[in-house]
Amino acid sequence: MKKNTVNKVASKPLSNFVKNTSQEEKEKIYKDIMITVCDIQNKIIAKAKKISEQST
């Protein structure tokens with residue numbers, strides 16, 4: 001498979017999502033993703049603090 005073909009195949013679902021999803025739904029999904037990312041970052045920070053406290 002050529003690289004361009006791979007890119008087209010990989011981008012097709014995203015293209016369909018953009019075309020077929022309302023702005024309101026996109027915003028809801030974006031918000032959910034951002035909340036999840038923040039939760040993950042907070043967990044990583046908490047683990048890092050715990051490790052740094054143990055090593056001092």
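Judged by distance alone, with hydrogens and angles left aside, the side-chain atoms of Thr21 form no donor-acceptor pair with the main-chain N or O of Val18 at under 3.5 Å.
With sequence neighbours excluded, the residues forming a side-chain contact (heavy atoms from CB on, under 4.5 Å) with Asn20 are Asn16, listed by chain and number.
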For residues 27-44, please give each side-chain donor-acceptor pair under 3.5 Å, one per line with the distance, not counting sequence neighbours.
| from | atom 1 | to | atom 2 | distance (Å) |
| --- | --- | --- | --- | --- |
| Glu27 | OE2 | Gln23 | NE2 | 3.4 |
| Thr36 | OG1 | Asp32 | O | 2.9 |
| Asn42 | ND2 | Cys38 | O | 3.3 |

